[in-house]
Every structure is written in structure tokens, then in C-alpha cells.
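Below, chain A is the first sequence line, B the second, and so on; all start at residue 1. Below, each value reflects all heavy atoms present in this structure, side chains not excepted, and no hydrogens, waters or symmetry copies.
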Amino acid sequence: MSKQSQLSEQSFTGNLLSNRDMIMNRIGHNSDVVVRDFYSDAMGTQVMIIYIHCLVDKGTINNQVIRALQQGQAHTPHQSAAADQGTNPKERLQQIIQLGRMNAVRTLAECIDEILSGQTALFTEGMEEAILLGTCSWKTRSIEEPVTESVVRGPREGFVEDLETNVSLLRRRIRNPDFSMINYHIGRQTRRNLVIVYLSNITNPLLVKEVQRRIELIDIDDAPESGFIEQLIEDNPWSPFPQIQNTERIDKVIASLLEGRVAILLDGTPFVLLAPVTFPMLLQAPEDYYDRWFVGSLIRMLRYLLVIAGLFLPSLYIALVSYHQGLIPSKLAISITSSREGVPFPTIIEALLMEITIEVLREAGIRLPKPIGQAVGIVGGLVIGQSAVQAGIVSPIMVIIVSFTAISSFAIPSYSVAIAIRILRFTMMVAASVLGLYGMVLALLLICSHVVKLKSFGVNYMGAFVHSKSSDWKDTFLRLPIFMMKRRPHFLRAKNQKRQS
Amino acid sequence: MVLENHFSEKFTTAQVASGVASTIFGAGIVTLPRSAGEAIGTPDVWMSLLFGGTICIALGIVCAKLCQRYPGLTFYDYSSQVTGKLIGSVLTICFVIYCLLVATYELRMNAEVVRHYLLQRTPIEFTTFCFMLISVYLVLGGLNPIVRLLELLLPVTTIVLFVVMLLGYRNFELENLRPLLSEGISPVLKGLHSTATPFIGFETILFFTAFMRTSRDASKAVVVGIAIPIMIYLCTLLIVIGTLSVQAVKTLTWPTIEVIRSIEFPGAFFTNFEILFITVWVIEMFTTFVVFYFLASLGMNQLFRTPIKYFHYGFFPVVYFLSFYPSNLDEAFQLGDIVGYLAMVFAGAIPLILLIISYLKDGSRVEK
Amino acid sequence: MVVGLAIDKGKKKGEIILTNQFVNTIEGTKEEPGVSNYYNIKTTGGAMMETVKNVSNLTDNSPYYTHLKVIVIGEEVAATTNLMEITNWFLRHHELRRTIQIIIAKGKAEKILTSKLEKRTIPAVELWGMTQNIRETKKMPRFVTLGEMGIKMTDEMSFLVQSVVPLQQGLKMAGAAVISGKERKLIGWLTDEEMNWANFLVNQRKGKEGGVIKVLDEKTKKPIVYNNQNIKRKIVVSRKNGDLSFLVKVYTEGYLLEDWSLTENSFENNYIRTVEKQLTAELKKQTTSVLNKMQKKLKADVFGFRTQLRIDDYPTWKKLKTNWDTEFSKIPIEVQAEVKILEFGGKGNKLPKR
């Protein structure tokens, strides 16, 4: 550590050779480091460029840097005249090199940092600075529709792994001088780029400060995915609920920025974090807004129903069958009892068996290559379900309930919420098997108690359900017509509440 | 945390109103028809309820006014300001005991109904224990999450209670409610205590006001908070008496649930609405219990200046074992009567006396 | 899972025979020939709870009563035992719902649950379905549930209960059993023909439609059938010089749906009027006779006169309350009937007018 800090304090001298040694001491052991030492006609001095050849655009280096430096005199005769007059070498370089992005650094640490991210360092004899040339270029994935969040209607673009591309995607759609970015390097070893994005005229400055504070506290070797960041800055790591939203969709991020939320982009992942988040927000999908409001409202209410079904259905079945058979309508009770006749397990075991089977199928389907994954789904779903019933291990009604529950959890727009619901479903099932319906109510109260305690960056996790203004209800169960939603969500305490008039 | 100050939560008026309403909903809804039927004996029970409710609204306003004179302070603080340190401490301890008794009573009623209708074979020691564990988990978060929970659950529970009660119209016979005032007005007035006790819980305004964003609206909040239970209770009473007749109501242990058990919609999937009702009712019991449990700990906290957490844990065994003190259902109902009388003192008499003393002492002080 | 219960009197004094009808859930839904979808288990005992617990000595399935549909009470039990005592356990136990139908059997109740049905359905379930048919026929009273029975017995109110008789094959709902409010015992029967008229005197919110009035046309002696759609019944209490009397106004409206006489002409208003007049006369005659039977022979107010008196004249009611059924038999009652034909279906006369 002490050596590191010592290094970072080192600064360049006017001597090319000593500069070269300083840099090569740190990164010279790598075969992809290129050092090119030559005499520049344009500058009239010896110059040196250092770069990592797999991170730069070779065409740029060859044409705009080396050629310009070597042939500069021939092309621009009047410049050499200026050189003779003894202008500052830095200014002269600005004129010779035909690149947009150039800046100067003095210390070794900064310089190495930039070289490692694809810049080219240029030294000239006698100058105590390194000029960094923006030559970075690497292959990125092309922009595609996000697989995890597909829509019927709406833009088909998704974020990619490259941070600059992602920022450019946002910039292109928000032409606003208040679009603000704060840069960070995350990862002691990897120094990944992380950007906090918000709209400074809308977002509450305290929120931005809090996000900054939490990000600054991160001290970790590497954050390979925004999931790391999410887990490190969330309010309550012991909660099953996701307290920060993640998305691959550009339109979602833009909409959230305009509500007054903060987006966190990390280099190397297409998943952008959005904070703060409330539970109702996680049940919103972009199409709710793109479709007409009837459709949006109905689908949203359906989603709430699905959450309830996903949470309660199997446990309700367990409670009713094993404790309160009297609460089932008689005819249904007779057919349930007959169908359960011969099933050797108690209901809870039966339910757990089927639930775990479904989870296994789901997990297997994700891991396998796509075509085989589908085959597993079919084989698993149909064959195991059918034969388990015929073998008398589970009752057919159980299969119906378990598969309906599984499907309803797939219909929830946020994957992380769906997982939370799945975990809680198992809790409910255990509660129902121990105390029946009463156990379910207690488990529900436990969940509610937890949820009302939960906050995401100071915002109540239940959003409009607690401590809110009535205007927040317009976008919770229902999605009222756009002309009626004149204000941003109140609970975000945005600077500027009005969004249309 | 930086944000906490900015997003600091003072209660809104709606929150306090729903807090008062959910605290009031409790054991009353299942026992009210019988106790009122026994005390009054004529079908005019509902009139008595309206009177009782009105009286409680008046008392609620008294509590709110008292609290408004001491902004930012709870009952425990200003009772000693009004009466002096010694009497104030005694009042605090008495109030804590009262809160514990209410919590105990609610806990026991909950256990009894659950035993009778849901889990006949599970020992109530276990059901009670689970119930308390979850309450303590919530209570440890402080008053804010409690009020948020009440706000979150009240709309759902109120709507379900209303719908379930209205479904009872199928068995409703208007004849059972007639004639009006057959025995005159005197039984209606005599039974007032039975129809006022189900409103236990409005005295929580003595504490909520201190944490309100606009404490001026405390009276409004308490009026709304009592009006919601009045409507639900009225609906319940009309349906229960209309379905069963007063004579039969007196013979049933849990008349309300029995009425709901006799609702059947041929053809509909759910013929069993008690499932909904008991679910919602347990939630309401929870909300009442939690508030009183918290207030008890708060009192001790303010008296001894010890972290409130210790009292949350400390009262656990106290309330738990106290709830088994009544050895059978009759004694549990008797506990309810005792709680009812205590409520008259603590929700009715004491705030009124304090308000008068406060006016006499520094009447000149302008209410803020 | 028990769906039906039959209560009979045992040989010893105070002994109860209980027949539990279980659903055979192993085969309950499969329709294989030769396997019955129900089975009955019979136990005896001194009190209801004791008798029920005895079932566990006879089968591995302990009886589960939440889906109980009907309780059939044998004639002998109903006539000799206080029904409030018999039903006490049912009203107390949490497994039993208040919506269970009560039926009184003519003869042994057990026979009802063991009768062979052509449909091969479970007799208790079949019986439960039959109890709901008040909308179709008026020859049985509206069903009485366990809860309602409890309320009426607490209020000392006399009431009608559906009664059932076993046939060679199958069951028949046959009129009503009259239960006295004071004694809470079976005191008599109404035949299904009498019940058809008694239903016009009962104020019921549900089951106002259905039921027919058949008269023979004065001139042609051919039957005319009227189908009732709605009944409105009103009791007027009047006191003249301290003498209490009742006036029952019965109003019914419905359709003229069958007419055998060749000369009918329903397109003519006068014809409809004459038919209405005949129907009204018949209705008045029959209801009066049923009312007479209830007042003079059975001495039980099952039509709700007491309720009307309580509402209209509370002080008098308070005086007469204790012995209402005997007081009731002394009060003069007048019947006022009105029949209104709303329409006559798709055919108005047999022969076109020349």
C-alpha cells in the first residue's frame, strides 16, 4: 500500500527516458504495451508514445498521431514557422494532432490509469507532462432488444455492456443541460467506471448526496455487475425484497430520471440501477403507459392479483385442505378429498414436492442452451406432472395450483420481485402447514410489518400505500389517463413537482 | 443518515384518523351485538350505538384539545405538567397498566376466537405466542411503522368488513328491528355503557397528536377515526340483529361470526365468508394490540428514561402470562367488562379533568 | 365426511339412534357400477354428542360435519322430544353450519337416508336439492335452516318444517310438519294440498314465485290453471272496543297458462275478469280453510301474525305474549284475496272468432 501511494505521488520529469522507465516499471512486463520512440518533424523534438495495442484504434494512432507528428512539417509549412518562434510545445501539439480528446496529466498514477483504459500517452522531450490522447476503441456488443424485459409495444433498444455507449443512449434522448453525471471508479483492483446520472433540475439534491455517500463508502476489489453495487448500497440486506430497481431498458431509465430518481450505470453490465424504488413501481411495466389507460389499468390490477395469487395460492390450499376443510364448498371438498385419496403425503409435503420440482425445472431451463431448455420445460412440465399424478404421489388439483402459481410469478414484470414472492411463498406454505389460516394471517402480518419498516433511500417502500398524498394513487392500482397525472410521485420529494400543465 | 431529516415523517391527518380507527376495531365487533343486546334488550340497540358513538366523539375531541395545548408532548409528559410530578407519575403507571390490560384482553379474545373457529386442537399458548412474536417485531420499529401499517391495512379491512356485512342482507329481516322504541328510550340510555365500550382506542389520540404534522387537525382526525367504526358497528348491529332477532343474539357466544357463517351464495365459489371475516378480524386485533403494547412501553420509557426496547421485551412475558389469567371464556369476558370500566376512567374522565385543570391553571395561554 | 344425519328414537327411553351418511370418497366421484358412493353408519346413545362420538368405534373415518347438508328428524322423536334439546349440540359445535336444512320425516328418519334412488345419487344430497324447490312448487314450505330453527325456538315462535316420506323408490316432499313454538314439538301435519294454500299466507322474501291455482270453470267444468308469479301478503291489525282482529290481504299476480275449455277467449278482457273472479274465490275459500285448521285444530301461528301484532300494537302483544298460540286461536281473522292475471302466454283461444 505504501509503495502504491509512493508511486501515485511520482510525477513526470522532462526526461523521456526516465519517464519511460517509470511507466515500464509498472506495466512493462506485459507484451501488449507498445512504446514508440521517434523524432517528430512537426515538433522538432524527440517524442514517445505509449499505449496498449489491444485497447486502441490502430488506424487513429497511425494516421492521426504518428503520421501527423512525423510529417507535420511537410503538410503545414506555416506551423513550423510558428514552432520556430518558440510557442509552447503543448499548444503546438494541439494543432498537430488531429484528435478530439486530449488532456495533460502530471502524475504517474493518473497516466497509467488512462493508458489502461485505452488512451495513448504522449511525451515530448523537455515537457513534464504526459499528453493523453483519446484513442480508445474496443469491440462492443451491438444494441439489441433486452431479453429479460421484452415488450409488445415500445422501443426495442437495450443497454449494452459498454458504459460510454449506455451514457450516449441516454444523452441522445434527454437533450437537457441539466442532465448531470458524477463519475466514480469502483474496484480497488479493477477501477471500473461508474456513473451516477440524474436530472439536476428535478431530483432532490439530498437524494443525490445520499447515493454519492453510499457509493463512496464502497471499497471492494471489483464490482463485476451492478448487482454488487445494489447489494452494497441497499438499505436492508436482510430483506427478501429488492430495494433498488434494475433494468436493461432505456425508456425505463429515462422515465425514472424524469420522476426524480437517480440512475447508477456501471461499466461492464447492461443492468442499470434505479434508486429509490417502491413496491408499486416494481409492478409497473413500460407498456402500462404506452397502451391506452384502460388497458394499462386493467393489466396492472391483474398484476396485483397475480402477486396475491403467487403469494397465497399454494398456502391457501394447504391451509384449507389440512385445517379448514369446512371452508371449501361441499362439492369441491368432495372432489378434492377423492382426488387426494391414495396420496401418501400430507399436503405440505405434496406442495413442497411440486414447488421444488417447478423451481428445478425453471433453473434447469435457464442454464441449458435455449433449444434444450424448452425441451426440458416440456418434458418436465408435462411428463413429470402427468406421471406424478398417475403414480398417485400428488393430487391433480395440487398440480393445477402449483403450475398456476408458477405462471403467475412469471408474469410479474420485475424478476427480482418475482423471486422475492417465491421465497415468501415458501414461508407462507410453512406457516399454513403449522397454523392453518391463522398462520397465513400471521405470516401476512409479518410481511406487512416488515414492508412498512422498509425504506429505499429514505422513501417508504410501500409508496403510495403509506404516508402519501392522494395524487400518488393515480398511478398505483390504476394508471389514470396521462393528462391527469400532472405531478411527479410525491414521495420522491422532487424539486420540481409539476410534470405537465 | 442525511435523508432521514428531510423525509422525516410527521403523521398526516389521514394517518392519524386511520390509526385511531384501526385501534378502535378490535374485539368489539364480535362481542358488541351480544353485550349490547343483553344490556338493552330491545331491537333499538343501534340507536344506543349512535348515542354511544357520539359521546365517544365528544370525548375524543376533549382528548384532542387537551393534547393540542401541549404541542409535541404526549399524555405521559403533560399529565405531570398539569398535575405535578407525583400525580403525573401515578397517572402514567395507571395508564400503562390500563394499556397492558387492553392488550391482554385483545390477545385473549383473539386466541379464543381462533380456537373456536380455526384451530381447535392447537393450544392457545402457541397461537398467542406466535401472535406476540410478530407484534414485538413490529413494535420494535417504533411508532412510525406501526402507524404506517395501520394506514396500509385499514382500507382493506374496512372494505372487507363492509362487504361481508352487506352480504348478510340476504338473511336480513326488517321485522326483527321493529317496532322502534317499544320500551321507550330508557333501555337505550341504560345500555349506553355497552355500546360505548367497543370504541375503546380513541384515547390513542392523546399520543398521536404529539407526532402530527398539523396538530390543529387532531380533532378532525379523531372524529373521522371514530366515524368509520361507527359505520361498521352500525352496519354489523343492524345486520346481526336483523338476521337473528334480539332474543337469539343474547343466546349466542359470537353472534357476528354466526351471522357471517350463515351467509351462503348458491353457485358462488365462496360460500364461507367467515374465512374472510376472521382473517380481517385477526388483522384488526393485531393492530389494536400493537398500539396498546407500544403505548405501555412508551409510558415506562418516559417514566424511567430507559431505552424503550427493554420494555418491549420486558412486557412480552407479562402480557403473555396475563392473557392466560382468565381460566375460561367467562372470565375472559369479565376481563373485557373490567377493561370497559377502566376505559371510562382513562378515556373519559381523566382527560376531561386534566383539560379543566389545564384551563384553570393557565387558561390565559393561547392555544397554539 | 358426513352429508346427512337422521335422528330416530331408540327402543329404550330417551335413547337416540343416529344414522350418519358418509360420502364414500374413495369412489365418491367415480361412476363404477356396483360400488356405492355413500355408506351409512348407525349408532345409539343417550345424548347427541355421545352418540356422535360412538361413530368412531365403528369406522376409521371420524365423522366430519362441516359439509353436513341435511338433518332428518324422525316423526317419533319430533313429536315426543323437545327439539331445542335435540338441536343444542348442532348449534354449539363449530363444525356444524347454521345453514343445514332441517327436515321432518313421516315415519322413521333412517328410511329416508337408506332409500334407493333411481339416479344413484347420495340420498342426503338429493334431499338437499329437493328442499330448494320452493320456486317450482308451492306444495312444500320454504326450507328451514338449523339457524332459523334456533332463532324461532328461542322466540317461542311456531313454524313449518318441510316433511318427507319415503316411496317405493325415491323420496317425496310431502307438505309440512307444524312445530309448536311453546312446546318445541311436532304437533301436526299439513298435507301438500293444504301447503299449496298456506304458502299464500306466509310472508316470505324468497320463493314468492311458483305454485299453481287450479279451478274448474263454472260453465264448462274444464280445468283452468293459473301460475303464480308474485305473492304480496299483508296483515292488518285492528282493535275495535278492545277486541283484537286480523285482516289478511293476499294479493297474487301471475300467468294464465292452461285452459281446457273450448270457449275460452283470453283476448277478451271480460273473460280474464271472470277467470280472475273464480280464482279469487277459490283462493279465499282454501286459504280460509287452512287458516281455520291452523287456528282451531293445531292452534299454532305459523303465518307471522305475532310479528305484525308486535310491530303494530306492542302493549297488547306484551300482554298476550306468554300464551300466544292459544290466544291466537281465539282471534277472528278475515281473509281478503285478490288474483291478478298479467298475461296468458302464447295462445289466447282455441277457435278463431268467426
Side chain from CB out, backbone as N, CA, C, O: work out which of these in K152(C) comes under 4.5 Å of a heavy atom of chain B, or both, or neither.
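Answer is neither: K152(C) stays 4.5 Å or more from chain B.
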
Under 4.5 Å heavy-atom distance to chain B, tell me which part of E148(C) shows up: side chain, backbone, both or neither.
neither

So which atom in S262(B) and which in T99(C) form the shortest heavy-atom distance, rounded to 0.1 Å?
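That closest heavy-atom pairing would be O-CG2, 3.4 Å.
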
Nearest heavy-atom neighbours spanning R261(B) and H94(C):
NH2-O, 2.7 Å

Is there any residue in residues 111-133 of chain B with a non-hydrogen atom under 4.5 Å from a non-hydrogen atom of chain C, and which ones are they?
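Listed by number, the contacting residues are H116(B), Q120(B).
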
[X], [atom1]: over 12 other non-hydrogen atoms inside 6.0 angstrom:
X: F172(B); atom1: CZ; result: yes
X: R92(C); atom1: CZ; result: no
X: E136(C); atom1: CD; result: no

Rounded to the nearest 0.5 Å, how far apart are CG of N171(B) and OG1 of T145(C)?
7.5 Å

Rounded to the nearest 0.5 Å, what's the gap from OG1 on T154(C) to CD on Q247(B)? Could you check?
8.5 Å

Check whether T251(B) gets within reach of chain C through its side chain, its backbone, both or neither, counting any heavy atom under 4.5 Å.
side chain

Please state whether the side chain, the backbone, both or neither of L180(B) comes within less than 4.5 Å of a heavy atom of chain C.
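The answer is neither part of L180(B).
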
Donor-acceptor contact below 3.5 Å, side chain R178(B) vs main chain R310(C)
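Looks like no, no N/O pair under 3.5 Å.
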
Passing candidate, side chain to side chain contact (heavy atoms under 4.5 Å, CB included) with R98(C), options L244(B), T243(B), I263(B), I260(B)
L244(B)

